[in-house]
Amino acid sequence: MAGFDKVVSSYEEAMAGLEDNMTVIAGGFGLCGIPENLIAEIKRKGTKGLTLVSNNCGVDDFGLGVLLPDRQIKKIIASYVGENAEFERQMMSGELEVELTPQGTLAEKMRAGGAGIPAFYTATGYGTPVAEGKEEREFDGRHYILEPAITGDFAIVKAWKADRYGNLVFRKTARNFNPMAATAGKITVVEVEEIVEPGELDPDQIHTPGIYVNRLIQGSFEKRIEQRTVREK
Amino acid sequence: MAGFDKVVSSYEEAMAGLEDNMTVIAGGFGLCGIPENLIAEIKRKGTKGLTLVSNNCGVDDFGLGVLLPDRQIKKIIASYVGENAEFERQMMSGELEVELTPQGTLAEKMRAGGAGIPAFYTATGYGTPVAEGKEEREFDGRHYILEPAITGDFAIVKAWKADRYGNLVFRKTARNFNPMAATAGKITVVEVEEIVEPGELDPDQIHTPGIYVNRLIQGSFEKRIEQRTVREK
Amino acid sequence: MALSREQLAQRVAQELQDGYYVNLGIGIPTLVANYVPKGMEVMLQSENGLLGMGEFPTEAELDADLINAGKQTVTMATGASIFDSAESFAMIRGGHVDLTVLGAFEVDVNGNIASYMIPGKLIKGMGGAMDLVAGADNIIVTMTHASKHGVSKLLSNCTLPLTGKGCIKKVLTDLAFIEIKEGKFHLLERAPGVSVEEIAKLTEGELVIPDNVPEMQF
Amino acid sequence: MALSREQLAQRVAQELQDGYYVNLGIGIPTLVANYVPKGMEVMLQSENGLLGMGEFPTEAELDADLINAGKQTVTMATGASIFDSAESFAMIRGGHVDLTVLGAFEVDVNGNIASYMIPGKLIKGMGGAMDLVAGADNIIVTMTHASKHGVSKLLSNCTLPLTGKGCIKKVLTDLAFIEIKEGKFHLLERAPGVSVEEIAKLTEGELVIPDNVPEMQF
């Protein structure tokens, strides 16, 4: 195994090089498919002044929410936030800058960032507060706004399985923002439930090719459920 | 099986509604992964004045090339053409309009068309003949051009397997432009090697969700090889 | 009588067609899934990346990796597919979803909708709502016709920050089913036992009332 | 002596690094794969949707569904992945490929490249070349230094329609290895037995010649 082996041996190594004031793009939707241990490592490191790009910001004691008490987040770009009290307090007091972005636009901005597309037009947000300060333009009689791409110094991603080359497979709706996040980081760090040897994953069934992945680590996950909803059998 | 059963019983039914002067987006790269029988049905129907969007235009007697002798194609939007003599003759004589489009831009234009993105910026083609008549713009000191999306009245697609709901799985590099084409047709028609029952395909491993597919037919395929290259064992 | 939550869901369900791909928002829209007419199949899209959402799981089926856009644990229906968020919103933005049902705080005669933010009070974010209203051609907004204090939510002009501009054509409230066109509300149906006058009184935006306004049928 | 096709490929291969993702164009660039240094691993990207391209197949392995960007039948290397064309060019346009090697008709001192079209003669199209030159930071152009008639292909200004503007920094010809910066060609290495004068004579664009121009080592 030579140059394509992306596996690192510790979370410290996985997040090495993360510095204050960097931008971090995180996969996950709510608490589903979040890179739990990479987030915990950022908390442990105490990196400050971060701009976070993530659909949500976790809850008080889990997910990205754990970065709030020590004021590690300067700004968050998200579509839905405020599932936790400390977040609301920091937002209301102005300690935390929040840039609300429509969910689909956020996903597309990450994809564009990874795909070398600097900006795209979308009808989403036209005529709303999201359009403020953005170029508006008509195509075929419909109104659109121009949305710039997003890239990050780091992307932190949770996948289900990977081979050592960094080819990734996601599981069920834990996929969500993870594949786009993986493409948009200068350094993309992925934690997975299982690492297999190259050749074990079917090439037709790889969700994220290893070219996007810089570092890979196997972790164990709590996988906390936010809205536990069951039916009677 | 009710409203989601996309299976039709004949190629005639599969291409019903295709009329003169429509735009057809076709999957395939070279002769790999092309919807052979749907193309043959267009030839049989004799539909004329078509605008075709496809990476290539087949060879003299196979693939989209078969639509040339009867002058069924008015215009083709492609990245690489002229693998056949009749094509060159029609292009040189001006009987056939050719809009050369970079391969990645073509793929992205189809994706954008299906994804409700009317236009996007790309560095590809800046400063070249492709940029003529297009808006140029700088982002972060780099030059880009604005490329509009493409949609079609019909999209014709070849997949490997499908379930009756139109969920698709592609095989190896026969995937190519097919998934984007599938999203960009007002009516998307797919031919496959095998149709299975809903539930047989792993939801995590479906390449194209059935929502994009209107009609589905099982065919048999010649799968002609353009450049047969083998090594000595 | 104003419609109950269940009746709102039932009435929306009458708009379903066999083979529809449907996105149901959080709250009342979610209940629509319980009233799909017999013999009809619809497939539910959940914008976090699932087409073919099934029922809630049993305890045994519970899976933290399988949730809906409301972050509730769910199951997959037969023929479901999973995809990433960019693909999910490509589907939505590209107009591939046949019907979208979602709630709102306000709508107005120009089809504007406000549903995600009450300045100074509720600033949780728009989630996927802006994409859904911009992407779908066929949207039904479900909401109460007026506040508890009798303040109309069907306005000449929305007062809250917009979720989308000029994109709503159909509103189902607890009192009425209303179409929006040419800058006016058009009363299509009224809730059983609710008078046209009552609806008119609680509709601030211009309301066109035809001679005959049928009661909703359940 | 001018370099042979094989030597061109060999010299390019010296630029490889362990763990590089590489896109090799049709023709001479393809041969580079034969000269990957021992103990080094590179992964070949084929823009029709394959990362991890392997050797040509044996008769028994031949598969019409598995081709490269030159439409040749190929195999997959261990750890390969398959994706669609939009993803493939997202990878290319997004700058994720470490090295791109491709041919050209002309390059000029401003890093412009013409490689896809000779008006009135060859109009087959650019395929993926425009995306490749726009997307990659690290590109090596391989070409003959001059035509059979001694007409230079390293120009002050390209005469043919451009494939890309200002994107080429390294050119390997059969005579020389050249860097393009600050609007000039800079001679880095010469082919074994080829004189600096010979190279200068066949280079139309401004050429900076350092005191010492080493011969290429093979």
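For clarity, every value in this text was computed on a predicted model and none was experimentally measured. Here is the naming used below: chain letters follow the sequence lines, and residue numbers restart at 1 for every chain.
No more than 12 heavy atoms of other residues, nucleotides or ligands lie within 6.0 Å of CG in C:D137, so this atom counts as exposed by the packing criterion. Heavy atoms of other residues, nucleotides or ligands lying less than 6.0 angstrom from CD of B:E222 number more than 12.
Of all the heavy atoms in B:Y212 and C:E87, the pair that sits closest is OH-OE2, 2.6 Å. Nearest heavy-atom pair across B:F4 and C:Y20 is CZ-O, 3.3 Å.
Taking non-hydrogen atoms and a 4.5 Å limit, the residue list of residues 66-83 of chain C in contact with chain B, ordered by number, reads C:M76, C:T78, C:G79, C:A80, C:S81, C:I82, C:F83. Taking 4.5 Å as the heavy-atom cut-off, the residues of residues 90-120 of chain C that approach chain B are C:A90, C:M91, C:R93, C:G94, C:H96, C:V97, ordered by number.
In this structure, chain C has a heavy atom under 4.5 Å from the side chain of B:N167, while its backbone stays farther away. For B:L201, no part lies near chain C; criterion is any non-hydrogen pair under 4.5 Å. Only the side chain of B:K6 comes within contact range of chain C, with heavy atoms under 4.5 Å apart.
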